[in-house]
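In this chain, numbering begins with 1 at the start of the sequence shown. When reading the values below, keep in mind they use all heavy atoms of this one structure, side chains included, and skip hydrogens, waters and symmetry mates.
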Amino acid sequence: MAPTYAAAAPPGRRPVTSRSPAWVMMGGMRLILIRHGQTSSNVADLLDTAAPGADLTELGRQQAAAVPRSLADEDIDAVYASTLVRTQQTAAPLLAERGLELQVRDGIREIAAGDLEMLGDEASIRAYVGTIFSWADDPLRRVPGGENGHKVWQRFDEVVAEAHAAGVRTAVMFSHGAVIRSWTAVRAANVTGEHAAYHPISNTGAVVLEGSPGKGWWAELWEGEPLGGDRVSDPAHDGPAPAEAVPSES
C-alpha cells in the first residue's frame, strides 16, 4: 500500500514531498545518501555485509562512473564511505572529479547479517529483512547473530552528527540499501516505516535529506532510479536485501 503522503511521481522516481519546511534548514545541512554500485554478491543474491565485502562488478563500475555527472549541481563539502570496499569504489569517481578526500566510517556500513552472512536462500533473506523492518515496533529485536535497531541507528547517527559538527553544509555518504532505508524511516519526519519497507533503493540510488541532528530531518527525494540513469540500471541484480519487501510474517 502506498503511503498517503507520497505525491504522484514520474515513472522510476519517488519524491517524498515538496521542499523541506524552513525550520529544518536553520543551521542544518544537506545529506545525500547513496547506495553503492552493483557487486557480485548482489548478482548472486547473497547477504554480504561483513568487511571487506565483494568488489563492484563491471556494471557497478559504470554506475559509479555516472555518479559525478548526476551530482553536478550539488555543492559538496565532504564525502564519506563505509568500511566495505564497494562503497569506497563507488565513491572514487566523485572524489577524483571534486578533489575531495574520502572519509571512511564504520558507522554507515550495512546492517550486519550475523548468522545469515553470505546466505541467499529465501528463508534467510526473509529473516534478515523481516527483522529490520520490524524495528518500528521492536527496535531491540536482533538480526540472528547480528545487531538490533538501536545499535544500528546510533552508529549511523554518530557519523551524521560528526559531519554536522564539522560545519559540513552538503555531505555525500556512500552506504548500503538496508541501512539507508532503516535509518531514514526512523529519522526523517516525513518517511514511514511502510514506505521504507516497500520502496527499495537501486544500486547507486539516493535518498536526499535536509535538516540536522538536533532539529530533525526531512526527506526531499527517495530515488527509485539509479543516479546513472537507465543506461546503467539493472534492478534484477540489485541483491536480496534492497529489493525485498518486508514479509507479512518474519
Side-chain angles (χ1 to χ4, degrees), residues 13-16 19-20 24-25 27-39 53 56 60-110 153 155-184 187-188 191 196 200-213 217-229 232-233 238 242:
R13 290 184 181 269
R14 300 183 179 93
V16 181
R19 295 291 295 176
S20 59
V24 172
M25 281 305 290
M29 64 184 291
R30 186 167 176 83
L31 186 59
I32 303 172
L33 306 178
I34 301 178
R35 187 180 168 226
H36 60 82
Q38 186 197 69
T39 72
L56 297 183
R61 294 181 186 279
Q62 293 177 40
Q63 292 169 330
V67 168
R69 182 178 66 250
S70 300
L71 296 177
D73 294 334
E74 296 284 350
D75 187 10
I76 299 166
D77 301 309
V79 178
Y80 296 78
S82 81
T83 45
L84 279 65
V85 295
R86 56 188 179 266
T87 61
Q88 298 168 38
Q89 291 169 346
T90 308
L94 180 64
L95 295 168
E97 180 172 291
R98 298 295 181 104
L100 294 169
E101 181 179 349
L102 182 62
Q103 303 187 58
V104 176
R105 299 291 184 270
D106 184 66
I108 57 174
R109 62 176 162 78
E110 183 59 292
W153 301 332
R155 62 174 169 80
F156 206 101
D157 283 341
E158 289 171 355
V159 181
V160 174
E162 175 192 342
H164 182 261
V168 172
R169 295 291 296 174
T170 299
V172 176
M173 295 189 179
F174 289 90
S175 186
H176 307 264
V179 72
I180 291 173
R181 292 163 73 188
S182 179
W183 184 83
T184 302
R187 294 295 182 249
V191 176
I201 301 170
S202 300
N203 289 122
T204 67
V207 174
V208 181
L209 305 99
E210 292 186 345
S212 69
W217 297 95
W218 193 268
E220 293 291 338
L221 179 68
W222 187 287
E223 180 115 26
E225 173 183 337
L227 284 171
V232 294
S233 176
D238 276 345

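Between R86 and H176 the shortest side-chain heavy-atom distance falls below 4.5 Å. The side-chain heavy atoms of R30 and D75, taken from C-beta on, include no pair separated by under 4.5 Å. For the pair T170 and M29, the minimum side-chain heavy-atom distance is 4.5 Å or more.
Judged by distance alone, with hydrogens and angles left aside, the side-chain atoms of R35 form a donor-acceptor pair with the main-chain N or O of I201 at under 3.5 Å. Checked by atom type and distance alone, the side chain of Q63 never pairs as donor or acceptor with a backbone atom of T204 at under 3.5 Å. A side-chain donor-acceptor contact under 3.5 Å links S175 to the backbone of I108. Distance alone, capped at 3.5 Å, places no donor-acceptor pair between the R109 side chain and the S82 backbone. E110 places a side-chain N or O within 3.5 Å of a backbone atom of A178 that can act as its donor or acceptor partner. D77 places no side-chain N or O within donor-acceptor distance of the main-chain N or O of V168, the cut-off being under 3.5 Å. Side-chain atoms of Q88 never come within 3.5 Å of backbone atoms of A81 as a donor-acceptor pair (strictly under, hydrogens ignored).
Note: T39 OG1 to Q89 CD = 9.5 Å, rounded to the nearest 0.5 Å. Note that the CZ atom of F174 and the CG atom of L84 stand 14.5 Å from one another [nearest 0.5 Å]. Taken to the nearest 0.5 Å, the CG atom of L33 stands 13.5 Å off from the CZ atom of R181. Here the straight-line distance linking atom CD1 of I32 with atom CD of E220 works out to 11.0 Å at 0.5 Å rounding. In this structure, CG in L100 is found 7.0 Å from CG in L94, a value given to the nearest 0.5 Å. Between the CG atom in D106 and the OG1 atom in T83 there is a gap of 4.0 Å [rounded to 0.5 Å].
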- [ ] Decide side-chain contact (heavy atoms from CB on, under 4.5 Å) for I76 and R98; before the verdict, give the C-alpha distance in whole Å, the side-chain angles of both, and the deciding distance to 0.1 Å.
- [x] CA-CA 8 Å; I76 299 166; R98 298 295 181 104; 3.7 Å; yes

- [ ] Begin from the C-alpha positions of I34 and L71 and carry the test side-chain contact (heavy atoms from CB on, under 4.5 Å) through to its verdict.
- [x] CA-CA 11 Å; I34 301 178; L71 296 177; 3.9 Å; yes

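Closest heavy-atom contact between A163 and M173: CB-CE, 4.1 Å. The heavy-atom pair separating V85 from G53 by the smallest distance is CG2-O, 3.5 Å. The heavy-atom pair separating S212 from G28 by the smallest distance is CB-CA, 4.1 Å. The two residues G107 and V159 have their closest heavy-atom pair at CA-CG2, 3.8 Å. Heavy atoms only, all atoms of each residue included: A64 and L56 are closest at CB-CD1, 4.2 Å.
Take Y80 and apply the ring-ring contact (aromatic ring centres under 6.0 Å, His included) test, not counting sequence neighbours, and it matches no residue.
Between D157 and R187 there is a salt bridge, with a side-chain nitrogen of the basic residue lying less than 4.0 Å from a carboxylate oxygen of the acidic one.
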